[in-house]
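Residue numbers begin at 1 in each chain, while the letters A, B, ... track the order of the sequences.
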Amino acid sequence: MDKATKIRLLNTMLRIRKAELQLAILYKNGKVPCAAHLYEGQEAIAAGVCDHLTHNDCLTSTHRGHGHCIAKGMDMKEMVAEVCARKTGCCGGKGGTMHLFKPDIGVMGTIGIVGAGIPIAAGIALAMKMKKTDYVAVSFFGDGAVNNGAFHESLNLASLWKLPVIFICENNHYATSVAVWRSTSIAKIGDRAASYDMPGIHVDGNCVDLVYAAMETAVKRARAGEGPTLIDCETYRIRGHYEGDDALYRKKDEVLEARKHDPIEYWKHELITEGALTEEEFDAMAAQADAEAEAAGEFAQNSPFPDPEEALMLTAKC
Amino acid sequence: MDKATKIRLLNTMLRIRKAELQLAILYKNGKVPCAAHLYEGQEAIAAGVCDHLTHNDCLTSTHRGHGHCIAKGMDMKEMVAEVCARKTGCCGGKGGTMHLFKPDIGVMGTIGIVGAGIPIAAGIALAMKMKKTDYVAVSFFGDGAVNNGAFHESLNLASLWKLPVIFICENNHYATSVAVWRSTSIAKIGDRAASYDMPGIHVDGNCVDLVYAAMETAVKRARAGEGPTLIDCETYRIRGHYEGDDALYRKKDEVLEARKHDPIEYWKHELITEGALTEEEFDAMAAQADAEAEAAGEFAQNSPFPDPEEALMLTAKC
Amino acid sequence: MARRIRFIEALREGMRQEMERDPSVFIMGEGVGPHGSAFKQTDGLCAQFGEERLRDTPISELAIAGTAVGAALMGMRPIADLMWIDFSMLAMDQICNQAAKLRYISNGQVKVPLVYRMSTGKSKSNAAHHSGSFYSWFINTPGLKVVLPSTPYDAKGLIISAIRDDDPVIYLEHKLLFNTRGEVPEEPYEIPIGVAEVKREGTDLTIVANGAMVGFSMAAAEVMAKEGVSIEIVDPRTLMPYDGEAILKSVRKTGRLLVVEEGFRFCGFGSEIIAHVVENAMDALRVPPKQLTTMHTTIPFSPPMEDYVFPNPERVVDAVRAMLSA
Amino acid sequence: MARRIRFIEALREGMRQEMERDPSVFIMGEGVGPHGSAFKQTDGLCAQFGEERLRDTPISELAIAGTAVGAALMGMRPIADLMWIDFSMLAMDQICNQAAKLRYISNGQVKVPLVYRMSTGKSKSNAAHHSGSFYSWFINTPGLKVVLPSTPYDAKGLIISAIRDDDPVIYLEHKLLFNTRGEVPEEPYEIPIGVAEVKREGTDLTIVANGAMVGFSMAAAEVMAKEGVSIEIVDPRTLMPYDGEAILKSVRKTGRLLVVEEGFRFCGFGSEIIAHVVENAMDALRVPPKQLTTMHTTIPFSPPMEDYVFPNPERVVDAVRAMLSA
Ligand SMILES: Cc1ncc(C[n+]2csc(CCOP(=O)(O)OP(=O)(O)O)c2C)c(N)n1
Ligand SMILES: Cc1ncc(C[n+]2csc(CCOP(=O)(O)OP(=O)(O)O)c2C)c(N)n1
Ligand SMILES: [Mg+2]
Ligand SMILES: [Mg+2]
């Protein structure tokens, strides 16, 4: 990995982190009209995966998709404004925090139904294949999705048809209040790839270099027409399931322990020790990300709400 | 396996075979009002599995479920009469060939929707467990069902909750016109058990002794509260998908080859070589099964059709 | 002096009392266990009954619904929480093809005594995937019963009746009602399925409203009362089988029918009630019947748009005025 | 001298011509490939276009429906065959939560040009899991269009329009119609979605009928004609958005409305049409409107019971007589 890439990955993680913290504040201040699911602590996955993608490559995501959109290249302003229900949001306020779209950069939707993005990503990959491109599709989903039929049916079909799709499972150990061991009969989710004669890779999702490397292999395979890969990224959901969730269903120390493995701290330390980064440079990057997030928050709050009547645009008239 | 068991297994297979051939004739003669899916060639599975079950144990089955019902102890008359849409059928003519019930002997339904019986069997097993019995549930399904979400979600749940359920996949190599390799991304369906941390056993489904042995292990495990097992029984669909299906989508020799491995011929030969059976005894058993099937056909044809108005019994009135 | 508690407490009390009375009753769903469910509907129940009877599940709606069917076939009385009605789309086969049909197909040899609980309707910017009200699909399915309580009293009585019923019952919980308060007796009681209640007596116009729409209609009725208009409000409580007689009785008295409901209009509950009334009592109608429903669009996220597409008390008032000046 | 072909040939020809015209059109489903589909709808197409464009799938309804959505988002025009409408219950989330909503949610940034084909209605003892007609669920879902052809001519024109439409379209194929014959032009043509056709002109009573019910109603009209009763038959062809104006026009002329359809009554298409007419033209009705639907029960297997629960020409005649003597 060259230095530019290393720095870019760090920057992407920082930008996601700052955007989410900004949204946490906006939520507290009543600027977000509904509970939002924040991505803090999982930034290495979005960054490491999306760094391999161009705007021609597409992703589908989940209710916890802000980070994926930013990593894929969405303007932070558009994302934050959408979450704040403004007309200037990427979906004009129609979608909201769980429904972000930006097709021209390959964001084919963050989706509110667990697992629903998986077959859609397979279908996107099918189109890419039928059109004889070497583009790839990526589907992000959580550990909660791997026990849903959509996961099973889609991985089988993708393998059967050798579709250029990469399945990214973000195992953050919880699905709402349900710990992964309570819902999933197997210890390593990546092992389920074997059921579909598909490579399954298990990585520490808090180490961006490992995620990046796993994705490199998977993307190469997909672009070469050799089919899909399942990447099982182990991480931890630092915050509650949604803003406002007291998360009393888990032990405080568990969270404190997890915080020690912060993906940004890890990568910062790596880069500094190997001399690719100085504390000053890091602080500058962080400050810049902060400023961008602040500006996005400002932009959102200064943006108008949509007019009520806009609700009926795009609706089949009867 | 004692001699009585060996003979009983042979007899069960013969009775299923003769019943199905009887239904084939009744179908030709227009006595079956819709296409029926016959079980010829797969008898060893129903026989080997159900021989381990008592009336307290329950099964769910599929559109191809006649054989399972007979093996579980359903009166041949009731089964044939139901398939012939008569009032004397096990469901009074309401269910038909794809919907056979006899709860007092544990036939909790053959179901027309592929895969739908799998979660239902898991639920039956859940009840057996919550009631602290040592009863077991069995779910029969075809190779076509293993790519459906119902299979995945149910096996995960059953393993997680250590439910006393045994999943019997009858891989007869076809799902309607679709060969199993066209629909299933893995060579050995039994290997999918690993995705659920569940034992998976692969057996030649045309060898009743092997099916019997695999089931013995699985039932012991289930009754001991150790959880579910997936048994992958490889067999072949000798007839068309349904009566009247020309099955031009497969080669004649493929079928001829498969016919050589007839499960009844195999078991007959085994028993005769080891001296547990004579040709004469076999012919006598076959003749008796024939007579029973004939009688069932007679019974069905001499039975009245239900009155039209019976259709509205049992319907919530509004 | 009667006790006033919240809707969610009434619902929870009904479930608790049935679980105390009948060991075959249990609850399964995502987060129903130690956490006490998405809206805290089962808060405290796991502590009382244990994880064996409050079963956390994976996100496997089809298996949740199907496992409930299997358990019910064996004489258990499962309550399966599917969280938002929107997620039931993943379980339709088990709900509408299996649970609804097995008793009939088996010629009455089995019964399927279970309850599918689902939250429904508008909340605050729940958007396209968490604001569903498509209970008309269940109403359309022979073999299912559907209830939608509008008060804490009805919430408790209907959950008890639903649990005791031998057929599958869809129990709908409107998100806007969870914290509303009302009088609720301590002891267990049933509200018969299929029986409507006149929530307000009146003479000039009949409003048939359900769930949160009952409150909106009561508010509208207050406004109209000041203008000397007397509105009768009929709450079916059970949407299937609905109490057609009670509705006809009211319309024969008032001569005017407005249906206020939150589902979509086309093939919805509003159209059903209007059809029922005109097929059976058209001559009683002095003006054409009307319905006020959620507008026929995917539900938008942003509050101004979201508020615009759903019914509200002002819209009810406008609809009533329009009918009276017709 | 115009060509007469079978319904299934007309449907197939429409698909073939669109696939020849537009390389983005492809078909996926269980057995659509070399075998040519359950009812031979795609017979010969695999030989012409290859397995890349006639894709056999596993029995994965949810993934079939969802993969079609993804491909459509990328500009392909998938036709997903779900075989029997009954199996679509396993795909409801992708059909009604995803395909129907993504264009709206994305604020028009994406479109979802796909067709879900499903066979519907009564056949011969298809029983509880293969006789569904619950298209009212799709009608109830904003973002979906629903068509149900009753003739070979309509079958071809509507499949072509459905394929060319930029929104998801549910294309229903009635099993009893596959082998019916009619005049069908060789060249491709569209039948605009949302436009009804008067299949028979009359003055005394309007029958709104769809799919196989059109033929039943035509037969009934013949019988009544001998008794001097003139029946008008309006076939909506598109069930959503339906042609409300055409229906009102006919009812204003005849003053009597009977809806004949195969879905279930409660929250069904019959109730919808009746509600539409009384809300907009009650004064035009000389007698209360009626509907003839499949009885509200799970579908039984045995022919005497099965025949009993479905509409048929005799029942249509009885219903017409009852209305005329009202
Ligand atoms: C099909 C479906 N079932 C349930 C829900 C409610 N729900 C929203 S998020 C969530 C947990 C998802 O957990 P996971 O997939 O691990 O993602 P995470 O929240 O951990 O990022 C649930 C159950 C849903 N949105 N969709
Ligand atoms: C969910 C669902 N999809 C499709 C069908 C139509 N169908 C009936 S049987 C069948 C093939 C089943 O194959 P398999 O499971 O291997 O059982 P087999 O017929 O080989 O015994 C199909 C596709 C169905 N009944 N249910
Ligand atoms: Mg998670
Ligand atoms: Mg098979």
Quick one, C/Y135 with C/E261, criterion side-chain contact (heavy atoms from CB on, under 4.5 Å). Give me CA distance, side-chain angles, the key distance, then yes/no. CA-CA 11 Å; C/Y135 43 73; C/E261 71 115 3; 2.4 Å; yes
Just to verify, which of C/I191, C/D154, C/V146, C/I193 counts as forming a side-chain contact (heavy atoms from CB on, under 4.5 Å) with C/T238? C/I193
Any idea which heavy atoms bring B/A122 and B/L163 closest together, and the distance? O-CD1, 3.4 Å
If you count heavy-atom pairs within less than 4.5 Å of chain C, which of B/A158, B/A116, B/S154, B/G95 leads? B/A116
Could you tell me whether a side-chain N or O of B/R86 sits under 3.5 Å from a main-chain N or O of B/P304, the two making a donor and an acceptor? no
Of all the heavy-atom pairs spanning C/I105 and B/C91, show the shortest one and how long it is. O-CB, 3.3 Å
Where does B/L160 contact chain C at under 4.5 Å (heavy atoms): side chain, backbone, both or neither? side chain
How about C/D243 and C/P236: do any of their side-chain heavy atoms sit closer than 4.5 Å? no
Can you say whether B/K131 sits under 4.5 Å from chain C via the side chain, the backbone, both, or neither, judging by heavy atoms? side chain
So if I take each residue of residues 52-66 of chain C and look for any heavy atom under 4.5 Å from a heavy atom in chain B, which residues do I end up with? C/E52, C/R53, C/R55, C/D56, C/T57, C/P58, C/S60, C/E61, C/L62, C/A63, C/G66
Comparing B/L157, B/L100, B/I113 against chain C, the one with the most heavy-atom pairs below 4.5 Å turns out to be B/I113
Testing C/D167, C/D166, C/D165 for salt bridge (Lys or Arg N to Asp or Glu O under 4.0 Å) with C/R77, which one passes? C/D166
In terms of side-chain geometry, is the basic nitrogen of B/K87 or B/E310 positioned less than 4.0 Å from the acidic oxygen of its partner? yes
Anything in residues 65-82 of chain B with a heavy-atom distance to chain C below 4.5 Å? Please list those residues in order. none
Between C/T42 (side chain only) and C/V32 (backbone N and O only), is there a donor and an acceptor less than 3.5 Å apart? yes
For a quick check under 3.5 Å, do B/R192 and B/N147 share a side-chain donor-acceptor pair by atom type? yes
Only pairs of heavy atoms separated by less than 4.5 Å count here; which of C/L90, C/V69, C/D93 has the most with chain B? C/D93
For the interface with chain C, which of B/G117, B/A137, B/A125, B/A127 has the highest count of heavy-atom pairs at distances below 4.5 Å? B/A127
So do the side chains of B/Y135 and C/M74 get within less than 4.5 Å of each other, counting heavy atoms only? no
Contact origin within C/Q98 toward chain B - heavy atom pairs under 4.5 Å: side chain
Any side-chain heavy atom of B/V49 sitting closer than 4.5 Å to one from B/F140? yes
Quick one: sort the B/Y196 and B/F151 rings into parallel, tilted or perpendicular, breaks at 30° and 60°. perpendicular
